[in-house]
Amino acid sequence: HPDVAKSLNGLAVLLKDQGNYDEAKRLYERSLEIRRKSLGEDHPDVASSLYNLAKLLKIQGDYDEAKRLYERSLEIRRK
């Protein structure tokens, strides 16, 4: 359900801010999965999840994957 995804995303933000990157990543990915299934690939909330996950990956130094997710988020928002 989209509300579960929103709550997972909020908790992931907190964990990221606390430096608990592995757990934050797990929750961001779960939130993204729920949003994709419940809202569709091109929904603005999916773009937000991609953006948040990309920010975390950038912090972790995974620049290539972060770039890919940022670009996909931008693509959705431009539609």
Side-chain angles (χ1 to χ4, degrees):
H1 191 276
D3 288 342
V4 172
K6 184 176 181 178
S7 294
L8 288 170
N9 190 74
L11 182 54
V13 170
L14 175 66
L15 291 168
K16 176 185 66 75
D17 290 347
Q18 292 177 329
N20 190 347
Y21 300 137
D22 291 338
E23 186 66 11
K25 182 179 179 188
R26 188 181 72 76
L27 295 182
Y28 277 136
E29 289 171 341
R30 180 68 181 128
S31 174
L32 176 59
E33 177 186 346
I34 292 169
R35 284 177 169 172
R36 281 180 165 156
K37 286 181 181 177
S38 62
L39 302 172
E41 286 290 329
D42 295 328
H43 193 276
D45 287 351
V46 170
S48 293
S49 286
L50 289 166
Y51 181 86
N52 288 336
L53 182 54
K55 285 193 324 188
L56 176 64
L57 293 171
K58 184 180 81 169
I59 290 169
Q60 293 182 302
D62 189 351
Y63 299 114
D64 290 339
E65 184 65 6
K67 181 177 184 276
R68 187 182 74 77
L69 296 183
Y70 278 133
E71 288 172 344
R72 177 64 182 130
S73 176
L74 181 59
E75 179 184 328
I76 293 169
R77 292 180 190 276
R78 285 184 170 161
K79 291 184 179 187

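All values reported here derive from a predicted model rather than from experimental measurement.
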> What residues, two or more places apart in sequence or in another chain, satisfy side chain to side chain donor-acceptor pair (under 3.5 Å) together with Ser49?
Replying inline: Arg35
> Out of curiosity, Lys37 NZ to Leu32 CG, how far, rounded to the nearest 0.5 Å?
Replying inline: 11.0 Å
>> Measuring only between side-chain heavy atoms, which start at C-beta, is Leu50 closer than 4.5 Å to Arg68?
In response: no
> Would a hydrophobic clustering, with Ile, Leu, Val, Met, Phe, Trp and Tyr connected at side-chain separations under 4.5 Å, put Leu57 with Tyr63?
Replying inline: no
>> Contact between Lys55 and Lys58 at the side-chain level, heavy atoms closer than 4.5 Å - yes or no?
In response: no
>> Quick check for you: to the nearest 0.5 Å, what is the distance between Asp42 atom CG and Arg36 atom CZ?
In response: 10.0 Å
>> Ignoring hydrogens, what is the shortest heavy-atom contact between Ala47 and Ser73? Give both atom names and the distance.
In response: O-OG, 2.9 Å
>> Run Arg78 and Glu75 through salt bridge (Lys or Arg N to Asp or Glu O under 4.0 Å) and show every step you take.
In response: CA-CA 5 Å; Arg78 285 184 170 161; Glu75 179 184 328; over 6 Å; no
>> For a quick test of reading the model, state the closest non-hydrogen atom pair linking Pro2 to Ser38 and the distance between them.
In response: CG-OG, 3.6 Å
>> Would you say Val13 ends up clustered with Ile59 if hydrophobic residues are merged whenever their side chains have heavy atoms under 4.5 Å apart, either directly or through other cluster members?
In response: yes
>> Once ring pair (Phe, Tyr, Trp, His ring centres under 6.0 Å) is applied, what residue pairs with a partner in residues 24-61 remain, sequence neighbours excluded?
In response: Tyr51-Tyr70
> Looking at side-chain heavy atoms only, is the closest gap between Glu41 and Ile76 below 4.5 Å?
Replying inline: no
> What distance separates Leu27 CG from Asp22 CG, expressed to the nearest 0.5 Å?
Replying inline: 11.0 Å
>> If I compare all heavy atoms of Asn20 with all of Glu23, which pair ends up nearest, and what's the gap?
In response: OD1-CB, 3.3 Å
> Checking side chain to side chain contact (heavy atoms under 4.5 Å, CB included) for the pair Leu15/Lys25: CA distance, chi angles, key distance, verdict?
Replying inline: CA-CA 9 Å; Leu15 291 168; Lys25 182 179 179 188; over 6 Å; no
> Hey, what do you get for CG (Asp62) to CG (Asp64), rounding to the nearest 0.5 Å?
Replying inline: 7.0 Å
> Considering only heavy atoms from C-beta outward, does the side chain of Lys6 approach that of Asn9 to under 4.5 Å?
Replying inline: no
>> Using side-chain heavy atoms (C-beta onward) and a distance below 4.5 Å, is Gln60 in contact with Glu65?
In response: no
